[in-house]
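Everything below concerns the one structure shown next.
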Number of protein chains: 2
Amino acid sequence: MSLPHAILTALLEKPSSGLELTRRFDRSIGYFWSATHQQIYRELGRLESDGLIRALPTAQPVRGQKKSYEVLPAGRAELARWTSAPQDPKPVRDVLLLRLRAAAVVGTEGIEADLHRHLALHQGQLAEYLEIEKRDFGPGSNSAQDRIRHLVLRAGIDLETFWIQWLTHALDAFDDLPAPEEPDVRR
Amino acid sequence: MSLPHAILTALLEKPSSGLELTRRFDRSIGYFWSATHQQIYRELGRLESDGLIRALPTAQPVRGQKKSYEVLPAGRAELARWTSAPQDPKPVRDVLLLRLRAAAVVGTEGIEADLHRHLALHQGQLAEYLEIEKRDFGPGSNSAQDRIRHLVLRAGIDLETFWIQWLTHALDAFDDLPAPEEPDVRR
DNA sequence: AAGCCCATGTAACGGGTTACATGATTAC
DNA sequence: GTAATCATGTAACCCGTTACATGGGCTT
């Protein structure tokens with residue numbers, strides 16, 4: 001149950017319409033919590049009928065007409081409650097690691113190319129994060145808000161750095177692997 | 001669609017019953033792909049009716065009777081195909097980062113305790129991984145299988161190390177935060 | 001008027017989670 | 001012989017994903 005709270009956070013930062021939210025979930029917020037527009041509209045409906053947000057009274061809501069939402073006091077309270085409530089970290093769930101484990105059994109044929117591809121993707125993402133850091137978190141501006149947001153961005157940067165290092169290490173190890181154990185055609 | 005392939009990998013490593021699989025998904029495989037027994041039974045049924053695995057012919061399958069499965073050639077082929085097929089990395093989805101972003105808006109009240117708790121949890125997980133590394137991957141044994149599995153374990157170790165460092169950094173930053181942005185008492 | 005993007009949806013499906021059910025085996 | 005545990009399932013629900021629908025405004 002995190003999507004509604006992600007939306008509440010986004011709306012508190014800036015009241016928005018569904019499509020504007022979708023755009024923001026493709027950028028900043030989406031860096032650690034992604035969502036499609038279908039999810040967002042479904043959730044906006046629920047949040048509204050639960051009395052946590054309301055549509056800004058601008059024009060009557062016609063289909064195809066922009067409709068902006070803002071957070072109500074009950075919504076802010078719920079977000080504060082959720083934020084401070086303890087939550088266990090989710091166990092890791094990573095397809096690439098699973099594929100490697102499978103490759104240890106059925107052979108590493110073909111997976112190496114994808115490791116290279118992932119390495120490039122993570123390098124690209126890291127560059128994007130570093131660009132944002134340079135732009136948004138220069139030496140000035142030390143409000144609590146900025147420092148916390150910088151902390152979150154730092155997690156992204158360090159995570160990408162971890163993957164780059166690990167993938168580099170993995171590819172090195174692949175290079176001097178004692179030859180494929182392919183001839184395992186026993187069945 | 002990763003659970004069936006996780007099960008195929010597990011069954012290739014060692015034919016097992018549903019409950020044995022469940023136990024293994026609580027340990028080694030579960031370190032990067034978790035699954036409950038309900039999921040596993042459901043998926044075993046599908047894999048069998050798809051002709052990728054079969055029940056070992058021991059006793060007739062009575063309810064409450066152990067039933068072991070092994071992988072058929074078609075299953076091994078499907079796993080090899082899946083392993084070498086390119087797959088994009090999933091975008092990060094982390095509740096703690098989302099909560100921090102929310103805390104930047106509604107205040108950091110209460111979240112600090114949970115950061116401490118997470119730090120301890122990650123330290124415990126790291127210790128467990130290091131124990132496994134010492135036990136299973138000593139200086140000897142350099143088969144390709146072992147080296148690949150060690151690589152996967154290394155990812156786990158490095159990920160936990162990342163979280164420990166980041167949480168430590170975050171808690172440090174919290175300590176000299178310019179005080180809550182609600183009513184600042186010190187100035 | 002045709003085509004394209006903007007904006008808001010609906011519908012169907014599949015995986016993951018939680019709660020519950022039921023038969024067999026073991027412990028006392 | 002009864003309680004606990006082992007072992008295999010069923011059922012319901014929610015979230016995330018994919019495909020599709022509808023209407024308005026803009027450009028050509």
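Naming convention: chains lettered A, B, ... in sequence-line order (proteins, then strands); numbering from 1 in each chain.
In this structure, A:Phe25 has no ring pair (Phe, Tyr, Trp, His ring centres under 6.0 Å) partners at least two apart in sequence or on a different chain. Applying the side chain to side chain contact (heavy atoms under 4.5 Å, CB included) rule to A:Arg46 yields the partners A:Arg42, A:Glu43; only residues at least two apart in sequence or on another chain are considered. For the ring pair (Phe, Tyr, Trp, His ring centres under 6.0 Å) test, no residue two or more places apart in sequence or in another chain qualifies with B:Trp33. Qualifying side chain to side chain contact (heavy atoms under 4.5 Å, CB included) partners for B:Gln165, counting only residues two or more places apart in sequence or in other chains: B:Thr161. Considering only residues two or more places apart in sequence or on other chains, B:Asp175 meets the side chain to side chain contact (heavy atoms under 4.5 Å, CB included) condition with B:Glu112. Shown here are the ring pair (Phe, Tyr, Trp, His ring centres under 6.0 Å) partners of A:Phe174, two or more places apart in sequence or in another chain: there are none. For B:His37, the side chain to side chain contact (heavy atoms under 4.5 Å, CB included) test picks out B:Thr22, B:Tyr41, with sequence neighbours left out.
Rounded to an integer number of Å, the gap from CD of B:Gln39 to C1' of D:dT8 is 16 Å. Protein atom CE of A:Met1 is 11 Å distant from nucleotide atom C1' of D:dC15, rounded to whole Å. Look at CD1 on A:Ile40: it is 15 Å from P on D:dC15, rounded to the nearest Å. A straight line from CG of A:Leu3 to C1' of D:dT17 spans 13 Å, rounded to a whole angstrom.
At C:dG9, none of the side-chain N or O atoms of A:Tyr41 fall inside 4.0 Å of OP1 or OP2 (strictly under the cut-off). Close to D:dT17, at under 4.0 Å from its OP1 or OP2, lies no side-chain N or O of A:Arg42.
Applying the ring pair (Phe, Tyr, Trp, His ring centres under 6.0 Å) test to every pair with at least one member in residues 95-127 of chain B, sequence neighbours left out, gives these pairs: B:His122-B:Trp163.
Residues B:Tyr31 and B:Gln125 bring no donor and acceptor atom of their side chains to less than 3.5 Å of each other.
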What protein N or O atoms touch nucleotides 18-20 of chain D N or O atoms at under 3.5 angstrom, if any, and at what distances?
{"unit_1": "D:dA19", "atom_1": "N6", "unit_2": "A:Gln38", "atom_2": "NE2", "d": "2.8"}

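Of the candidate nucleotides D:dC15, C:dG9, D:dG9, C:dG9 has the atom nearest to the side chain of A:Lys67.
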Please tabulate, one pair per line, all N/O donor-acceptor pairs under 3.5 Å involving side-chain atoms of residues 2-13 of chain A, not counting sequence neighbours.
{"unit_1": "A:His5", "atom_1": "ND1", "unit_2": "A:Met1", "atom_2": "O", "d": "2.9"}
{"unit_1": "A:His5", "atom_1": "NE2", "unit_2": "A:Glu78", "atom_2": "OE2", "d": "2.9"}
{"unit_1": "A:Thr9", "atom_1": "OG1", "unit_2": "A:His5", "atom_2": "O", "d": "2.8"}
{"unit_1": "A:Glu13", "atom_1": "OE1", "unit_2": "A:Arg24", "atom_2": "NH2", "d": "3.1"}
{"unit_1": "A:Glu13", "atom_1": "OE1", "unit_2": "B:Arg101", "atom_2": "NH2", "d": "3.2"}
{"unit_1": "A:Glu13", "atom_1": "OE2", "unit_2": "B:Arg101", "atom_2": "NE", "d": "2.8"}

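Within residues 14-32 of chain A, the residues that place at least one heavy atom under 4.0 Å from DNA chain C are, in residue-number order, A:Ser17, A:Gly18, A:Leu19. Using a 4.0 Å cutoff on non-hydrogen atoms, the parts of residues 77-94 of chain A near DNA chain C are A:Lys90, A:Arg93, ordered by number.
Remark: B:Asp136 does not engage B:Arg149 in a salt bridge, criterion side-chain N to carboxylate O under 4.0 Å.
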